[in-house]
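Worksheet for the structure shown next.
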Number of protein chains: 2
Amino acid sequence: MTMPKRDTYTPESLLAVAVGVFNERGYDGTSMEDLSRAAGISKSSIYHHVRGKEELLERAVGRALEGLFGILEEPAARRGRAVERLEYVTRRTTAVLMDELAYVTLLLRVRGNTPTERRAMERRREFDQRVADLLRAAVTEGDLRGDVDARLATRLLFGMINSLVEWYRPDGRGSVDGDQVADTVVRLAFDGLRR
Amino acid sequence: MTMPKRDTYTPESLLAVAVGVFNERGYDGTSMEDLSRAAGISKSSIYHHVRGKEELLERAVGRALEGLFGILEEPAARRGRAVERLEYVTRRTTAVLMDELAYVTLLLRVRGNTPTERRAMERRREFDQRVADLLRAAVTEGDLRGDVDARLATRLLFGMINSLVEWYRPDGRGSVDGDQVADTVVRLAFDGLRR
DNA sequence: GTCTATACCGTGATAGAC
DNA sequence: GTCTATCACGGTATAGAC
């Protein structure tokens, strides 16, 4: 309710700062010292907002997973021919990656060193599985080529989409640029490079 | 010349162990303690073979880059239509990724925290640039579609290929399995998922 | 809500015996 | 070539004043 007069950190606003640093230096490569410098407050003040470094990671990957699983709940991902649903999910996943870039980046880089990380990886695999099922259905319905392994194809599809976090940087205004990226991803994935 | 009777470490054999641990736990997440346990020797013994942790990283990414740039020197990557050279480079890059999996994995995960890492990233960008040039040439020669940005397409192509390090694990004997992966990568990249 | 001060531990690295 | 012992440092986290 209260509109804060000055910038005092909430767990949420601190998270935004932390995620930025995590992605620059890597989670393990980031010290609380690094975070405190980036946030402009002392190390110990951070502990006033969150229980520790790992809680920041947990919140970040949670947000990313929320965005991804949200796609599967959207109507267009649940009705119609499988190939069209797959195309929709491909486009939307690309969009979510760009919208929640920092959070998804962190999710994709998690290695499984802690229980938090392992849970995140498991949920991510779950999402991949759901898309693989969709791709399989599209093959069965005769819209996608049957001469590629569905699991392999899904992995390569996600490889393409997920690579966004390595190079995509939001530019000026609007989502025009983002739409072009999503178009290209869909075009390449479904129709290939060849003329 | 001398054939060692027992297993005593060389910088090379120690590197193989280290790269495995780096990829499991992440470079920053790996302590010398971790390495010593994996190698079965004490921390200080490691310093007898290499100058430190960073030298191990340097050797590893060096080996990966050697493999990648080697591709561009091969005859089939230097003669003929651009589209065929690009197809060849795509297939060979996939193969090198699988052959030198651990080393390339490490290279792809480098974040730029140290001078060593930054040099590695620069060389990698150089390689990407060379492939982007090839793709551009293939568009000019009329073999690839002109409605996608060459730089963007190259990034997505590498996204697909490089994702191998996230899931590919060498199986039983022979490169049969690997050939199938390379075939699928080329097919998907050039002709797409659609039937 | 932020600070200073500090506890306590694991880190990368070295010295020197065997 | 490997070890034990040790170092200085920086890491996460806590205590308690303001």
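Sequence lines set the chain letters: A, B, ... in the order given, protein chains first and strands last, and positions in each chain run from 1.
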Do any of residues 12-32 of chain B sit with a heavy atom less than 4.0 Å from DNA chain C, and if so which?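 Close to the strand are B:T30, B:S31, B:M32.
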
Are the side chains of B:Y103 and B:V61 in touch, meaning some heavy atoms are under 4.5 Å apart?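 No, every pair of side-chain atoms sits at 4.5 Å or beyond.
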
Would you mind reporting whether A:H49 and A:T10 have side-chain heavy atoms less than 4.5 Å apart? no

Assign A:K53 to base, sugar-phosphate, or nothing according to its heavy-atom contacts below 4.0 angstrom with the strands shown.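 Sugar-phosphate: the residue A:K53, judged by heavy atoms under 4.0 Å, touches backbone atoms but no base.
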
Is B:R169 atom CZ crowded by more than 12 heavy atoms from other residues, nucleotides or ligands, each under 6.0 Å away? yes

Please compare A:H49 and B:E33 by the position of their nearest nucleotide in DNA chain C and report the one closer to 5'. A:H49

Just checking, is any N or O donor in the side chain of A:T90 or A:T93 under 3.5 Å from an acceptor N or O on the other one? no

Could you pull out the closest heavy-atom pair between B:A182 and B:T94, with the gap in Å?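 That would be CA-CG2, 3.9 Å.
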
Pick one: which of B:R92, B:R85, B:R91, B:E84 meets side chain to side chain contact (heavy atoms under 4.5 Å, CB included) with B:Y88?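 The side chain to side chain contact (heavy atoms under 4.5 Å, CB included) with B:Y88 is passed solely by B:R92 among B:R92, B:R85, B:R91, B:E84.
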
Applying side chain to side chain contact (heavy atoms under 4.5 Å, CB included) between A:V83 and each of A:L135, A:V139, A:D143, report the one that passes. A:D143

First encountered from the 5' end of DNA chain D, between A:S44 and B:H48: B:H48

May I have the step-by-step check of side-chain hydrogen bond (donor to acceptor under 3.5 Å, both in side chains) for B:E117 and B:Y27, ending in yes or no? CA-CA 11 Å; B:E117 300 188 26; B:Y27 176 73; 5.8 Å; no

Quick one: how far along DNA chain C does chain A reach, first to last nucleotide 5' to 3', anything under 4.0 Å to a heavy atom? C:dG1 to C:dT4

Value in whole Å for how far the C1' atom of D:dA5 lies from OH of B:Y47: 15 Å

